[in-house]
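Working notes, beginning with the structure itself.
Letters A, B, ... are given to chains in the order of the sequence lines, protein chains preceding strands, and every chain is numbered from 1.
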Amino acid sequence: MSEGKSHLNFIEEIIEDDLRNGKHGGRIHTRFPPEPNGYLHIGHVKAITINFELAKKYGGKTNLRFDDTNPTTEDTEYVEGIKNDIRWLGYEWEEQALYASDYFEQLYNYAIQLIEKGLAYVDDSTAEQIAEMKKTPTEAGIESPYRSRSIEENLELFKAMRAGKFEDGSRVLRAKVDMTSPNMHMRDPVIYRIKHEHHHRTGDAWCIYPMYDFAHGQSDSLEGITHSLCSLEFTHHRPLYDWFIEKLEIFPSRQIEFARMNVTYLITSKRKLLKLVEEGIVTGWDDPRMPTIAGMRRRGYPPAALRMFCEKAGVAKRDNLIEIELLESCVREELNRTSIRAMVVTDPVKVLITNYDPAIGEELPAENNPEDPTAGERTMSFSNELYIERDDFMEDPPKGYFRLFPGGSVRLKHAYIITCNEVVKDESGQVTELRCTYIPESKSGADTSGLKVKGTLHWVDAKTAIEGEIREYDKLFTDPTPAGHDDKDVFDFINPASLNINRKARFERAVAAAKEGDSYQFMRKGYYTADRDHSENHPVFNSTVNLKESFKVQKA
RNA sequence: UGACCCAUGGUGUAACGGUAGCACUACAGAUUUUGGUUCUGUCUGUUAAGGUUCGAAUCCUUAUGGGUCAACCA
């Protein structure tokens, strides 16, 4: 049986082509190369899934390599966070994690080789002078006066740089490429700089550090990476990437660029994300409103949903802006399949069942997940005093409203049909209690009443329900592309109501057993996930995503 | 006045010279003890102009639009 068309993306086509041609003996090896200077976000999720899934699909391997060539910004704290996030996403890398810093000695030797070939030189110019001599994209650059230094002098100076003889910024090592190239990265790029700084792994062993362009390609090559996948903004680096491989005559890894993912209402600038944290607009890197992996995890987005999202978003080279609705759809799809249902009344109004004996109560069975029979069932307490959702009652309902109203009947899910007979209000006109009667013959699963009602409501037993907290999250920004305005800053679009803490909620008893990270569907409301602040006696849930609603209650 | 990349419904992504498909969204309808799920259906698309060809979203040319590149960041 045919599985239908395969719909390869352009990277898969390249890979299958390579496989057909027997390139690298059919070996596929990718890598995910984060810099350990911050937390991973939704954009990284795409890079992670592309690298790991491609290797998985073609029987290859994926390395995790920390691109730690700049000691100024990097820290081991981030290394652990990143590893944790990748594992949580469901991926495991080859062997142990690798580090560009493991190759410092080898990279240094590569630099020596380049100097010996007359392809690199030590430049004493200042950063400003170098920038000036590079000129602009539309104007050819000019050569540095130090460009013609002898190989011997370059060797001597570079060794002295390593030996710590010079101050930060006083000299750099540059590759001798082409100052007139239309590609700015080919205009004698700086490949080593002096930084007398402590490195999170190599400590004080080095005071010169390779630049990205001199570390990345060679690291790929050393690891035998066959397909080095990165985002489009590195396209201009590719000629340089290839140049070093060619001149050093090392394993030819191939760089392939894809468009990074943009999602409406989300930002992925590390700098701006950091500012949100620092300004206290969010509570931290793992605030459930953050587009970080840590934030999405705390929000309750399942890893499978994130993977599904990236797969559905696809891989191509054109700029894209994916609607957040696709992400939410993936989250719902996953959670609908897997999450246990519970009844939680978020804005309670009391219901008194006047014909139900206040002295007794009963335990009613309730299925845990209609999508999954193996999820079993639980029981819910029922008595003459209940709570229902304030939204589920209207004294003067519009047509099309099939919840509760005076004289109307609804089914209480897993329980009985009730009819509203009397509305009790306080001085301000606020409804305080609904007096109803129930139909004893209408019990769920044993309904002999023959009655049909249109509405089914969720409810909790007032006597046994637990009070707790729901943190309702909305979008952090009011604009779909907060970072896409030249005249405005992302901070001009902060949604002042992105967090609403609800302390009125009443939870059915079963949710008390939730553990941090457990997701539930609060029936007819949405998906919610137990926060780390959750406890048995005081439930605390984060709203993950609402259920789709095809009916909106119009407010008077 | 540069180089490089890109252009398919509202959004994302397929179609590899031969019926423009899938998903999300939106809107209908069916089912439903969740106004959820599921099912069915509908709406909306090849940036433009030339050229090659029996035939072009696909190949060529030009135009238009968008993006990227000038850190001792990655």
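You'll find that the side chain of F551(A) is closest to G35(B), out of G35(B), A74(B), C72(B).
Within the 4.0 angstrom heavy-atom criterion, base atoms lie near S125(A). If you check every strand for non-hydrogen atoms under 4.0 Å, H237(A) touches a base. Here L326(A) lies in heavy-atom contact (under 4.0 Å) with sugar-phosphate atoms only. Contact annotation for A127(A): base contact, defined as any heavy-atom pair under 4.0 Å involving a base atom. No engagement by G141(A) is indicated, since no non-hydrogen atom pair under 4.0 Å with the nucleic acid exists. Among the protein residues, Y192(A) comes within range of no part of the nucleic acid, since none of its heavy atoms lies under 4.0 Å from any strand. R332(A) comes within 4.0 angstrom of nothing in the nucleic acid, heavy atoms only. V190(A) comes within 4.0 angstrom of the backbone, heavy atoms only, and of no base. Contacts of E325(A) with the nucleic acid, taken as non-hydrogen atoms under 4.0 Å apart, involve only primed sugar atoms and P, OP1 or OP2. Within the nucleic acid shown, N9(A) comes within 4.0 Å of sugar-phosphate atoms alone, with no base atom in reach, counting heavy atoms only. Using a 4.0 Å heavy-atom criterion, one finds that N183(A) contacts no nucleic acid atom at all. Residue contacts shown for Y209(A) are absent, as no nucleic acid heavy atom lies under 4.0 Å away.
Between S550(A) and the phosphate of G36(B), there is a side-chain N or O to OP1/OP2 separation shorter than 4.0 Å. Between A14(B) and R318(A), a contact under 4.0 Å exists linking OP1 or OP2 to a side-chain N or O. Dashed line: the shortest gap from a side-chain N or O of T69(A) to OP1 or OP2 of A74(B) is under 4.0 Å. Taking side-chain N and O atoms only, R193(A) has a distance below 4.0 Å to OP1 or OP2 of C73(B). For U33(B), neither phosphate oxygen OP1 nor OP2 lies less than 4.0 angstrom from any side-chain nitrogen or oxygen of K454(A). For R524(A), a side-chain nitrogen or oxygen approaches OP1 or OP2 of G35(B) to under 4.0 Å. Phosphate contact (OP1/OP2 of U25(B), side-chain N/O of K548(A), threshold under 4.0 Å): present.
If you check distances only, the side chain of R337(A) never reaches the base of U37(B) with a donor-acceptor pair under 3.5 Å. Judged by distance alone, with hydrogens and angles left aside, H236(A) brings no side-chain donor or acceptor close enough to the base of A70(B) to form a pair under 3.5 Å. One N or O donor and one acceptor, one from the side chain of Q521(A) and one from the base of U34(B), sit under 3.5 Å apart. At a cut-off of 3.5 angstrom, the base of G10(B) holds at least one donor-acceptor pair with the side chain of E323(A).
Y108(A) and F158(A) have parallel rings, their planes meeting at less than 30° on a 0 to 90° scale where 60° marks the start of perpendicular.
Across the interface with RNA chain B, nearest-nucleotide mapping of P34(A) and S444(A) shows S444(A) to be the residue nearer the 5′ end. A residue-by-residue look at A131(A) and G445(A) shows that G445(A) has its nearest nucleotide of RNA chain B further toward the 5' end.
The only member of D188(A), I115(A), L173(A), L157(A) that meets side-chain contact (heavy atoms from CB on, under 4.5 Å) when paired with Y121(A) is D188(A).
Both tests do not hold together for K195(A) against Y209(A): distance to the six-membered ring centre under 6.0 Å, angle to the ring axis within 45°.
One interatomic measurement links the two molecules: CD of E12(A) to P of A14(B), which rounds to 9 Å at whole-angstrom precision. Distance L321(A) CG to G67(B) P: 13 Å, rounded to the nearest Å. Computed from coordinates, the H200(A) NE2 to A74(B) P distance equals 12 Å when rounded to whole Å. Protein atom CE of M308(A) is 13 Å distant from nucleotide atom C1' of C24(B), rounded to whole Å.
A74(B) has no base stacking with the ring of Y212(A) when judged by centroids under 5.5 angstrom apart and an interplanar angle below 30°.
Listed by chain and number, the residues in a side chain to side chain donor-acceptor pair (under 3.5 Å) with Y387(A) are R506(A) (sequence neighbours excluded).
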Worksheet item: Yes or no on side-chain hydrogen bond (donor to acceptor under 3.5 Å, both in side chains) for S228(A) and R31(A), after CA distance, side-chain angles and deciding distance?
Response: CA-CA 7 Å; S228(A) 180; R31(A) 105 267 90 116; 3.0 Å; yes
Worksheet, complete the sentence: Applying the Watson-Crick and G-U criteria (both distances under 3.5 angstrom) with [ ] for crossing and | for other-strand pairs, one obtains for RNA chain B .((((((..((((....[..)))).(((((.......)))))....(((((..]....))))))))))).....
